[in-house]
Amino acid sequence: MLKIFIDADACPVKDETYKVSDRYKLSVYLVANQYLKVPMNDRIHMECVEGSFDAADDWIVEQSEPGDIVITSDLLLAGRCVEKKVHTISPKGYEFTEDNIGSALSGRELSEHLRQLGQTGTGPSAMTKIDRSKYLSTLDQVIQKIKRQYPS
């Protein structure tokens, strides 16, 4: 059964995901290093993981399966999920795939190198209504694609 995993510490689209999960009757797992308040709903689960910096990422990779969805802006986690054939979406509605994850990771490495050289950037742009709309659209499209690929 299709599940949604959220890399939850700084995810700005939790509320949008809850609404979509209600519509499709899907389970949502919020995974973080500290407890986060979640709505009272049998399909929404909070997984508080302890340990290393990447403990939440490791838990998501271990628990997710092909046919599941992971919501993250962490490109390293996205790469691990795509490698495992798990559908992966950024909070701004960008779907990571085998075709594009390599260039996304390369861009991350380039940005990291530039920061080490002392160049500073402005960081990610703030979420807009357009970003939220794109996220909802992408999430809906991915759910429909999975339902066609893995009919119950």
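Values below: every heavy atom of this structure, side chains too, minus hydrogens, waters and symmetry copies.
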Requested in this report: Determine, stepwise, if the pair T138 / D140 fulfils side chain to side chain contact (heavy atoms under 4.5 Å, CB included).
Outcome: CA-CA 5 Å; T138 301; D140 192 65; over 6 Å; no
Query raised in the report: Taking all atoms of both residues into account, what is the closest heavy-atom pair of V82 and T97, and its distance?
Result: CG1-C, 3.6 Å
Query raised in the report: How about I4 and I6: do any of their side-chain heavy atoms sit closer than 4.5 Å?
Result: yes
Could you list the donor-acceptor pairs under 3.5 angstrom formed between side-chain atoms of residues 26-35 and any protein atom two or more places apart in sequence or on another chain?
none

Query raised in the report: Shortest non-hydrogen contact from C81 to V61?
Result: SG-CG2, 4.3 Å
Query raised in the report: For K145 and H87, what are the C-alpha separation, side-chain angles and deciding distance, and is it a side chain to side chain contact (heavy atoms under 4.5 Å, CB included)?
Result: CA-CA 10 Å; K145 180 173 30 174; H87 297 268; 4.2 Å; yes
Requested in this report: Return yes when atom CD of Q144 has more than 12 non-hydrogen atoms of other residues, nucleotides or ligands closer than 6.0 Å, and no otherwise.
Outcome: yes
Report task. Using atom types as modelled and distance alone, determine if a side-chain donor or acceptor of T88 lies under 3.5 Å from a backbone N or O of V86. Result -> yes
Report summary line: Taken in chain and number order and not counting sequence neighbours, the residues that satisfy side-chain hydrogen bond (donor to acceptor under 3.5 Å, both in side chains) with Q141 are S137
Query raised in the report: Looking only at atom types and distance, does a side-chain atom of D68 sit under 3.5 Å from a main-chain N or O of E65, one as donor and one as acceptor?
Result: yes
Query raised in the report: Short question: side chain of S133, backbone of K129 - any donor-acceptor pair under 3.5 Å?
Result: no
Query raised in the report: Can you get from V20 to I146 by hopping between Ile, Leu, Val, Met, Phe, Trp and Tyr side chains that sit under 4.5 Å apart?
Result: yes
Query raised in the report: Measuring from E95:CD to L139:CG, what's the distance to the nearest 0.5 Å?
Result: 10.0 Å
Query raised in the report: Would V38 end up clustered with V49 when hydrophobic side chains under 4.5 Å apart are linked, directly or stepwise?
Result: no
Report summary line: Distance col, row S21:OG vs R23:CZ, nearest 0.5 angstrom, shows 9.5 Å
Report task. Write down the atom of R43, the atom of N41, and the distance for their closest heavy-atom approach. Result -> N-OD1, 2.8 Å
Query raised in the report: Looking at F96 and A78, what are the two nearest heavy atoms and their distance?
Result: CD1-CB, 3.7 Å
Requested in this report: Identify which one of D58, D57, D74 satisfies the side-chain hydrogen bond (donor to acceptor under 3.5 Å, both in side chains) criterion when paired with R80.
Outcome: D58
Report task. Indicate whether the side chain of Y135 and that of T17 have a donor and an acceptor atom separated by less than 3.5 Å. Result -> yes
Report summary line: Here the gap from L77 atom CG to I60 atom CD1, rounded to the nearest 0.5 Å, amounts to 5.0 Å
Query - Closest non-hydrogen atom pair, C11 against I71 - result: SG-CG2, 4.1 Å
Query raised in the report: Can you tell me how far CE of M127 sits from NZ of K92, rounded to the nearest 0.5 angstrom?
Result: 6.5 Å
Report task. Show your reasoning for whether side chain to side chain contact (heavy atoms under 4.5 Å, CB included) applies to M1 and K25. Result -> CA-CA 10 Å; M1 173 90 179; K25 309 289 187 243; 5.7 Å; no
Query raised in the report: If we only count heavy atoms from C-beta on, is the I69 to I89 side-chain gap below 4.5 Å?
Result: yes
Query - Nearest atoms (heavy-atom pairs only) where Y150 meets P66 - result: OH-CB, 3.6 Å
Query - side chain to side chain contact (heavy atoms under 4.5 Å, CB included) evaluation trace for I143 with K147 - result: CA-CA 6 Å; I143 290 170; K147 286 182 166 277; 3.9 Å; yes
Query - Transitive ILVMFWY side-chain link F5 to L2, under 4.5 Å - result: no
